[in-house]
Protein chains: 2
Amino acid sequence: MDVTQRLAHNLRRLRQRKGWSQEEFAFRADIHRTYVSDLERGARNPTITVVDRLAMALDVKLGELLD
Amino acid sequence: MDVTQRLAHNLRRLRQRKGWSQEEFAFRADIHRTYVSDLERGARNPTITVVDRLAMALDVKLGELLD
DNA sequence: GTGTGACTTTCAGTCCGTG
DNA sequence: GCACGGACTGAAAGTCACA
């Protein structure tokens, strides 16, 4: 499984654990709502700065999203 | 320290531990030599697919490069 | 063996909407 | 609340010559 798919599954799992909608998650990470949707479907290849913001919003390490 | 700087330092440290030049590392990761130079100086904001290739070449987890 | 500026092409990332 | 599309702008990908 490639890294964008691993990210996709980790994002969805961790977001749902927080009980957030994609929209609320997007707001907290300061990322556009539609982009979060794309990421959770594995349809995008984000930069590390974006993934860093996602990790901070979820309060996890980058490795937990990507490994 | 931001994520591109953390990546920069981790890359240089792990590459040197392997005893590789930037050129040899670049070849192994299938990335251009000057791009590796840019990354080790924190001058680029790469996508996760690029960092994934770097991690595989170094035989480490993504988290070891970014956390 | 490495750093750097300049460059073109590709795609990250945003914003509008629809079912 | 989410998937998905179209259109757009800025930035990343990828390469080169030269110091």
Side-chain angles (χ1 to χ4, degrees):
Chain A
M1 193 157 76
D2 86 356
V3 64
T4 58
Q5 288 299 316
R6 294 201 303 274
L7 174 65
H9 292 127
N10 287 327
L11 283 179
R12 181 153 298 184
R13 181 173 49 81
L14 292 166
R15 173 178 66 81
Q16 290 178 336
R17 178 185 297 175
K18 292 275 194 182
W20 296 339
S21 67
Q22 289 181 352
E23 203 161 6
E24 177 162 7
F25 181 27
F27 176 77
R28 287 172 178 268
D30 195 25
I31 286 171
H32 202 271
R33 142 186 98 70
T34 60
Y35 198 59
V36 169
S37 169
D38 288 349
L39 290 174
E40 288 194 1
R41 284 179 293 118
R44 295 278 190 159
N45 178 29
T47 58
I48 59 175
T49 55
V50 165
V51 181
D52 196 44
R53 297 215 297 276
L54 297 166
M56 287 194 293
L58 289 166
D59 196 30
V60 297
K61 299 252 190 190
L62 270 159
E64 292 186 57
L65 292 179
L66 299 173
D67 284 337
Chain B
M1 192 158 74
D2 87 357
V3 63
T4 59
Q5 289 299 318
R6 296 201 303 274
L7 174 66
H9 292 128
N10 288 328
L11 283 179
R12 182 153 295 184
R13 181 173 49 80
L14 293 166
R15 172 179 67 80
Q16 290 177 337
R17 178 186 296 177
K18 292 275 193 182
W20 296 339
S21 66
Q22 288 183 354
E23 208 161 7
E24 176 162 6
F25 180 27
F27 176 77
R28 287 172 178 268
D30 195 26
I31 287 172
H32 199 273
R33 170 186 80 72
T34 61
Y35 197 65
V36 168
S37 170
D38 288 350
L39 290 173
E40 288 194 0
R41 284 178 295 115
R44 297 265 192 165
N45 179 28
T47 58
I48 58 175
T49 55
V50 167
V51 181
D52 196 43
R53 273 188 277 158
L54 297 166
M56 287 196 292
L58 289 167
D59 196 30
V60 297
K61 299 254 191 189
L62 270 159
E64 293 187 57
L65 292 179
L66 299 174
D67 282 335

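Chain letters run A, B, ... following the sequence lines, proteins first and then strands; every chain starts at 1. Only heavy atoms go into these numbers, but all of them, side chains included; no hydrogens, no water, no symmetry mates.
Rounded to an integer number of Å, the gap from A:Glu40 CD to D:dC2 P is 8 Å. When the C1' atom of D:dC4 is taken as reference, atom CG of A:Leu39 falls 14 Å away, rounded to whole Å. In this structure, A:Asp38 places its CG atom 13 Å from C1' of D:dG6, rounding to the nearest Å.
The shortest distance between the side-chain N/O atoms of A:Tyr35 and the OP1/OP2 oxygens of C:dT14 is not below 4.0 Å.
The CZ atom of B:Arg17 lies 9.5 Å from the CG atom of B:Asn10; values are rounded to the nearest 0.5 Å.
Counting only heavy atoms from C-beta outward, the side chains of A:Leu58 and A:Leu11 approach each other to under 4.5 Å. Looking at heavy atoms from C-beta onward, B:Gln22 lies in side-chain contact with B:Arg15 at the 4.5 angstrom threshold. Between B:Arg6 and A:Asp52, some side-chain heavy-atom pair lies under the 4.5 Å cut-off.
Nearest approach of A:Asp67 to B:Gly63, heavy atoms of both residues: OD1-N, 3.0 Å. B:Phe25 approaches B:Ala57 most closely through the heavy-atom pair CE1-CB, 3.9 Å.
The overall bend of the helix from C:dT2-D:dA19 to C:dG19-D:dC2, read as the angle between its terminal helix axes built from five base pairs each, is 40° when rounded to 10 degrees.
Under the side-chain hydrogen bond (donor to acceptor under 3.5 Å, both in side chains) rule, B:Glu40 has a single partner from B:His9, B:Gln16, B:Arg12, B:Arg13, which is B:Arg12. Among the candidates B:Asp30, B:Leu65, B:Leu62, the single residue satisfying the side-chain contact (heavy atoms from CB on, under 4.5 Å) test with B:Leu54 is B:Leu65.
More than 12 heavy atoms of other residues, nucleotides or ligands lie within 6.0 Å of NZ in B:Lys18, so this atom counts as buried by the packing criterion.
Listed by residue number, B:Arg41, B:Thr47 are the residues of residues 41-67 of chain B with a heavy-atom contact under 4.0 Å to DNA chain C. Within residues 9-34 of chain B, the residues having any heavy atom under 4.0 Å from DNA chain C are, by residue number, B:Arg12, B:Arg15, B:Ser21, B:Gln22, B:Glu23, B:Arg33, B:Thr34.
Both A:Trp20 and A:Val51 sit in one connected hydrophobic cluster of ILVMFWY residues. Membership requires side-chain heavy atoms under 4.5 Å apart, directly or through other members.
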